[in-house]
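Worksheet for the structure shown next.
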Amino acid sequence: MCGRYSASRRPEDLTGLFRIEKWEPEETLAPDWNVAPTKEVYAVLERPLKEEDADPDRPVRQLRVLKWGLVPSWSKTPEGAARMINARAETVHDKPSFRRAFAQRRCILPADGYYEWVTGSAERQLEEQGGKKRPRKQPYFVTPADGSVFAMAGLYEFWRDPTLPPDHPRAWWATCSVITTEADKEPLGVAPDEGPHSLADIHPRMPLMLTPDRWDAWLDPARTDADDLRSLLTPPPAGLMRAYPVATAVSNVRNNGPELLEEIAAPEEPTLF
């Protein structure tokens, strides 16, 4: 799954990296090394502009600010958004909460990497079987081994708050979800001396990272065929990731800063492998 990630890149860096055509400087977010559900995050997406002189038929690549936790357009209330932070790649095309966004509103959520907490083998079996989770243990940070952006596949939606007038600044919610896939069982590109040797050793699920050759196709709103889009959901090649233990300070969402990404010499708590 993906329940916490780091996003510290500046808009100026993202606009060049993703060939952004439009972004609003007043929407600039501060670097966030501990992104949690319901926080505002950057998203790269393509849709026509609503400006008076804009071509209504030409999608424009934009850097937008969305709230993490998807609210379906048909939802009566925004309650439950914090539980809609992930969409499974295997079922996203037919789940009522996600299938419309999958066909029409796909995005990329730029990240430095994501955090995951390693658990013992018996506890992980409960997770895989959908059983009740026990307290999380040692946090690890997972990031591209070459230092490049972790482009997470995402979906976004617009939800109209019926309790507010149309001209109210919060009348419309723009929300998003991260697509996850089965964690890679192949060896990590760079593994810690002690501990997990693959992403699957850390957690059975992981965010789906889109390699640059898939960015254009994923963002293209003209592509709406479910089978065609599902072909873009295959995991990236093995060996692209690095994982290392970080301090347990990241477990508290109130903690934030680049020190959260610092590798610690050894896990702070014993783990089982």
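Just so it is clear, the model here is predicted, and its values are computed rather than measured.
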Please say yes or no: joined through hydrophobic side-chain contacts below 4.5 Å, possibly via intermediate residues, are V60 and L219 part of one cluster?
no
For residues Y244 and V190, determine if any side-chain heavy atom of one lies less than 4.5 Å from a side-chain heavy atom of the other.
no
Here the gap from L199 atom CG to E186 atom CD, rounded to the nearest 0.5 Å, amounts to 10.5 Å
If you measure only the distance, is there a donor-acceptor pair under 3.5 Å linking the side chains of S8 and D112?
yes
Quick note, salt bridge (Lys or Arg N to Asp or Glu O under 4.0 Å) partners involving residues 161-180, not counting sequence neighbours, are none
Rounded to the nearest 0.5 angstrom, the SG-CG distance for C107 and L66 is 6.0 Å
Take W218 and I179 through the side-chain contact (heavy atoms from CB on, under 4.5 Å) test and state the conclusion after the steps. CA-CA 12 Å; W218 178 253; I179 294 180; 3.5 Å; yes
Check your understanding: Transitively linked via ILVMFWY side-chain contacts under 4.5 Å: L29 with I20?
Key -> yes
By side chain to side chain contact (heavy atoms under 4.5 Å, CB included), S231 pairs with (sequence neighbours left out) D228
Under-4.0 Å salt bridge between R242 and E263:
yes
Are any of the side-chain heavy atoms of F102 and H93 separated by less than 4.5 Å? yes
Are I85 and L45 connected into the same hydrophobic cluster when the rule is that any two of I, L, V, M, F, W, Y join if their side-chain heavy atoms are below 4.5 Å apart? no
Q62 and P48 have their tightest heavy-atom pair at NE2-O, 4.3 Å
**Test item: L109 and Y156 side chains (from C-beta on) under 4.5 Å apart, heavy atoms** = no
CG of N255 to OG1 of T248, rounded to nearest 0.5 Å, is 9.0 Å
| task | Would you please classify the geometry between the W172 ring and the F158 ring as parallel, tilted or perpendicular, with 30° and 60° separating the classes? | result | perpendicular
Quiz prompt | Check: R4 and S251 side chains under 4.5 Å, non-hydrogen atoms | solution = no
* Asked: If you measure only the distance, is there a donor-acceptor pair under 3.5 Å linking the side chains of D32 and N256?
  -> yes
Smallest heavy-atom separation, R99 atom then D94 atom, equals NH1-O, 3.5 Å
**Study point:** Side-chain donor-acceptor pair present, W159, T175, cut-off under 3.5 Å
**Key:** no
>> What verdict does the side-chain contact (heavy atoms from CB on, under 4.5 Å) test give for V118 and K137, after you've listed the backbone C-alpha separation in whole Å, the side-chain angles of each residue and the deciding distance to 0.1 Å?
In response: CA-CA 6 Å; V118 170; K137 295 184 179 178; 5.7 Å; no
Taken to the nearest 0.5 Å, the spacing of L70 CG from S97 OG works out to 7.5 Å
Check your understanding: Between F18 and W215, does the ring centroid distance fall short of 6.0 Å?
Key -> yes
Q.
In this structure, is the centre-to-centre distance between the rings of W68 and Y5 below 6.0 Å?
A. yes
Is there a side-chain contact between R64 and Y42, using heavy atoms and a 4.5 Å cut-off? no
> Do E116 side-chain atoms and P139 backbone N/O form a donor-acceptor pair below 3.5 Å?
Replying inline: no
Exercise for the section: Using atom types as modelled and distance alone, determine if a side-chain donor or acceptor of S75 lies under 3.5 Å from a backbone N or O of P78. Expected result: no
Is there side-chain contact between I202 and Q138, with at least one heavy-atom pair below 4.5 Å? no
Q. Are R223 and D220 close enough for a salt bridge, meaning some N to O gap below 4.0 Å?
A. no
ask   = Below 4.5 Å, heavy atoms only, C-beta onward: do C2 and M152 meet side chain to side chain?
value = yes
Review point. Salt bridge between E182 and K185, side-chain N to carboxylate O under 4.0 Å?
Key: yes
When rounded to the nearest 0.5 Å, the distance separating CE of M84 from CD of E79 is 13.5 Å
Worksheet item: So do H197 and L188 actually touch side chain to side chain, heavy atoms under 4.5 Å?
Response: no
Result for salt bridge (charged side-chain N to carboxylate O under 4.0 Å, His left out) between E157 and one of R105, K67, R106, R100 points to R105
Regarding D216 and R61, does a basic nitrogen lie under 4.0 Å from an acidic carboxylate oxygen?
yes
Original post:
Looking just at side-chain N and O atoms, do T180 and R205 make a donor-acceptor pair shorter than 3.5 Å?
Top reply: yes
OG1 of T234 to CZ of R214, rounded to nearest 0.5 Å, is 3.0 Å
